[in-house]
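Heads up: the structure comes next, in structure tokens.
Values reported hereafter were calculated over all heavy atoms of this structure, with side chains retained and with hydrogens, waters and symmetry mates removed. Atoms within a ligand are numbered from 1 in the order they appear, just like the ligands themselves. Sequential numbering from 1 along the given sequence is applied to the chain's residues.
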Amino acid sequence: MFKIQWDKKTGGVLLGSVVTKETLNIAPRPVFYEELNLLGLNNLGWSYPECEEPLMWACNKEYYYRGEFAFEVKGANIYEKATVVLQSGYEKLKLVPVNMKAMLEKTKEQMFLCESEAIEFIRDVYDTYTGANRLSEMYAANQMDFEVLAAKQEKRVKQKMAIVKEDCDSFDIMPESEAQQQGKKVLQTTKIDYFLASFSGGKDSQVVLDLCTRALPPDAYQVIYSDTGYELPSSLELYEEVQAFYKKRFPTLKFNLVKNHESVLNYWDKIGTPSDKHRWCCAVMKTAPLYRTLKVPGTNKQAKVLAFEGVRAEESSRRSGYERIGKGVKHTFVTNARPILKWSTTEIFLYLFRHGLSINKAYRLGKPRVGCIFCPFSSPWDDMVVNQCYPNELAPFLNRVTDWAKDRKIPNLTEYISERKWKLRASGNLVNKTSSVEFLKSTKDFIAIVSNPHVDIFTWLITIGDFTIDKKGSKVYGEFKYNKQVYSFELDSTASNKYKFTVFNATDVILVKLLRRIVYKSVHCISCEACEVECPTGALSVYPEVKIDKNKCTHCHNCLNFHDHGCIVANSLETTMDNKKNVGNISKYGTFGLHEEWLEEYFLDPQITYWVKGNNSLGVKQIPSFKAWLKDAEIINDKNLITPFGEFCAENIINDSELIWSLIWINLSYNSELVKWFVNNVNASQLFNSTILAEQSMEHFASSFSRTTIEYAFQALVQVFNYSPIGDYLLQGEKVDKKSLTRNEYTGISEVAVAYSLYKFAEKNNAYSLRVKDFYDTEYENGVAKEFCLSSSTFEKALRTLNSAKDRVLIAELNMGLNHITLMKELTSLDVIKRLF
Ligand code: SF4
Ligand code: SF4
């Protein structure tokens with residue numbers, strides 16, 4: 001909230017409201033003697049007392065003593081301590097602790113303002129929602145549900161509506177823009193069953209809990225701590241300490257420690273390690289156990305919860321966009337209130353110091369953030385601290401990752417662990433499993449071949465619609481209702497624990513998607529708990545076995561749509577989605593990428609004679625590589641002749657380099673296995689180079705190609721980024737430094753390219769009625785959002801332009817909850833560019 005600067009007199013910091021030349025760019029964290037000991041400063045000639053107070057401050061990897069840069073740290077990984085690089089003049093130093101009393105005195109006014117404002121916010125939120133609770137009870141007698149009314153109105157008037165609380169203690173529903181204009185108090189929900197301070201062992205949640213104890217009566221809320229099973233020992237200790245501390249002061253304040261029914265290592269074995277792509281651990285080990293304890297008393301129905309949480313904007317760019325109060329950010333039944341959203345790290349520590357609250361020992365050891373013991377989202381620095389300080393607790397996880405890497409014969413094992421390459425797991429290809437599903441291609445029927453499912457398919461079929469069944473021998477026949485239509489199905493048990501499930505005439509894309517999801521759930525469900533909390537009616541319970549009460553199920557599909565594949569476990573186990581057996585050739589490019597000047601040269605004379613020696617400037621090894629790229633770009637055919645698409649580009653859009661290369665990139669994403677893997681697996685902002693891509697894709701390609709072939713193939717892809725506009729102009733492989741590139745959203749994409757990509761997608765999936773959100777679903781491969789990392793706002797903007805174009809090629813309905821795109825079956829992707837260009 002406040003600007004921070006050093007205070008040389010106290011050795012601490014000052015807070016202020018105006019920016020001066022002394023203002024720091026980064027909020028520093030305090031550094032204690034434990035961290036300096038870990039770094040070995042006591043053996044490097046420094047002396048300092050082993051005291052409670054901080055001795056210095058750190059901004060990332062730079063350490064400051066009394067406002068002066070004293071040293072920086074380099075390196076550090078799970079096996080090696082960091083190297084300390086002392087600044088000249090700091091070789092020998094006798095540290096004096098920060099004068100806490102003086103620093104806290106100098107910052108007290110600003111901290112008082114921070115705290116008072118946060119306390120007022122907590123009280124205000126609590127009063128507003130308890131008031132709304134009372135009102136909604138009053139209205140419940142008249143059967144009035146304002147949330148349902150607002151949702152209905154939104155659909156009718158196609159405008160976002162807000163429920164507002166009037167001064168005279170009544171509700172009103174009005175357009176959100178009007179409510180904002182009139183400064184009305186907008187309610188996210190009209191009923192809260194439980195108020196909650198979620199505690200994680202970290203400093204931020206600790207501050208929020210303390211603020212809640214100061215703002216609210218102790219029996220108004222409860223404290224819940226989710227023990228993931230690989231918590232840092234210091235976090236568990238702090239939880240016990242915090243509980244004892246507040247219980248003494250507020251005996252009626254409820255504390256609750258919750259856990260998943262199964263251990264985290266068992267889940268690692270069953271569904272693979274958490275990774276950059278598969279972040280199942282938070283949902284399964286943390287959130288699901290937490291919210292499963294919060295049901296409406298006497299029922300299985302999910303209670304409505306208001307959680308005061310320690311999210312801060314400074315933590316990430318995503319969080320910086322959060323509102324202070326929001327509903328349904330992750331779960332529809334949770335309203336999140338964030339009292340310290342704008343606080344800095346420094347202010348958080350100052351609060352803990354001011355109020356004499358205990359600090360998680362992991363911070364004293366130098367961990368900037370407190371999370372799980374071995375986490376894909378922490379850093380090599382975190383690994384170093386954990387391995388130095390908690391080797392026994394880390395050992396089971398580290399051993400598991402090491403053993404798996406040995407089984408897979410990963411070369412350079414030390415580097416694989418120290419550089420955290422294990423977190424790149426993208427698929428479940430190498431996870432041991434006995435269950436499987438294969439979806440057969442059919443123009444009109446939905447067909448799944450299932451082996452060893454964990455759950456009866458009819459258990460999950462209830463979620464799609466009411467159904468009837470009739471058994472005859474090894475076959476089960478039946479019908480279910482979906483969207484007012486009746487569909488027939490057949491289940492043929494071909495062998496014990498193996499069957500073929502067919503739904504006839506299932507051509508509706510949404511239905512097909514839902515059917516795939518119930519099949520995935522039935523094949524892979526291990527009752528991980530994650531989807532139960534998505535059920536708004538209490539119909540679904542998953543542990544110890546899946547049960548769905550058909551009288552309560554409203555077929556809302558929340559439990560199917562909450563996650564890709566409809567199941568967090570199936571998603572983690574995906575075997576690179578049905579194409580593992582059929583990985584296309586990636587060695588055809590050699591190590592050469594597609595060069596812009598080669599294409600320019602070819603387009604000047606796109607005849608078959610171009611390929612004759614002497615008619616081009618290419619080296620002998622470059623020719624087959626260039627041909628392979630041009631074929632995958634659909635510019636030449638198998639006979640090396642130019643295609644109609646190639647001709648159109650050469651004759652009409654040769655001067656529009658960004659459009660040509662956008663179209664090429666789209667074609668490559670369908671025809672080049674390498675590019676297809678890239679667009680579907682490498683996230684925006686991820687740093688990469690050919691080695692990282694090879695490692696990340698190993699599970700996908702390893703069953704078909706050697707490690708060397710995979711590495712060469714990605715060297716060729718990196719050349720595409722370096723030698724064509726796809727890299728720096730379309731931002732799909734933008735140079736960051738000598739060693740790394742990154743992907744970014746290509747906001748400058750032309751509407752022609754968007755339309756072309758939509759038609760390619762439709763041709764591939766035989767689906768001409770689409771939804772914007774399908775393009776963000778990992779179940780579908782490719783699509784313009786993944787090809788260019790488009791945000792939904794950029795995508796929708798292009799759709800609106802196309803919708804109002806004179807020669808329109810699609811209808812986009814994007815108002816109020818609608819996100820439908822209708823394409824014209826009679827047009828091909830090539831027709832579309834001809835028509836729009
Ligand atoms: S269906 Fe999937 S997400 Fe739901 S409980 Fe089972 S394993 Fe978990
Ligand atoms: S989430 Fe919806 S579809 Fe799933 S069980 Fe509950 S009511 Fe039925």
Would you mind running through ligand 2 and noting each atom that sits below 4.0 Å from a heavy atom of [X]?
{"X": "T537", "value": "7 (S)"}
{"X": "H557", "value": "2 (Fe), 3 (S)"}
{"X": "P536", "value": "1 (S)"}

Quick check on contacts: which atoms of ligand 1 are under 4.0 angstrom from a heavy atom of [X]?
{"X": "W460", "value": "1 (S)"}
{"X": "I568", "value": "3 (S)"}
{"X": "I526", "value": "7 (S)"}
{"X": "V569", "value": "7 (S)"}

Close aromatic pair by centroid cut-off 6.0 Å: [X] and [Y]:
{"X": "Y221", "Y": "Y194", "value": "no"}
{"X": "F775", "Y": "F795", "value": "yes"}
{"X": "F489", "Y": "Y477", "value": "no"}

Which option wins on minimum heavy-atom distance to atom 7 (S) of ligand 2: T554, L540, D549?
T554
Taking the inter-plane angle between the rings of [X] and [Y] on a 0 to 90° scale, is it parallel (under 30°), tilted (30 to 60°) or perpendicular (over 60°)?
{"X": "Y487", "Y": "Y482", "result": "tilted"}
{"X": "H524", "Y": "Y520", "result": "parallel"}
{"X": "F701", "Y": "W677", "result": "tilted"}
{"X": "F199", "Y": "Y225", "result": "perpendicular"}

So, is C553 placed with an N/O/S atom under 2.8 Å from atom 8 (Fe) of ligand 2, counting both backbone and side chain?
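Given the 2.8 Å cut-off, C553 counts as a ligand of atom 8 (Fe) of ligand 2.
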Considering only protein heavy atoms, which is closest to [atom], and at what distance to one decimal place?
{"atom": "atom 4 (Fe) of ligand 1", "answer": "C531 SG, 2.4 Å"}
{"atom": "atom 2 (Fe) of ligand 1", "answer": "C567 SG, 2.3 Å"}
{"atom": "atom 6 (Fe) of ligand 1", "answer": "C525 SG, 2.3 Å"}
{"atom": "atom 8 (Fe) of ligand 1", "answer": "C528 SG, 2.4 Å"}

Aromatic F446 / basic R516 pairing, under 6.0 angstrom, 45° off normal
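Judged by the rule (NZ or CZ under 6.0 Å from the ring centre, within 45° of its axis), R516 is not positioned above F446.
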Side chain, backbone, both or neither: which part of E529 has a heavy atom under 4.0 Å from ligand 1?
backbone
D774/K513 ion pair, N-O < 4.0 Å
yes
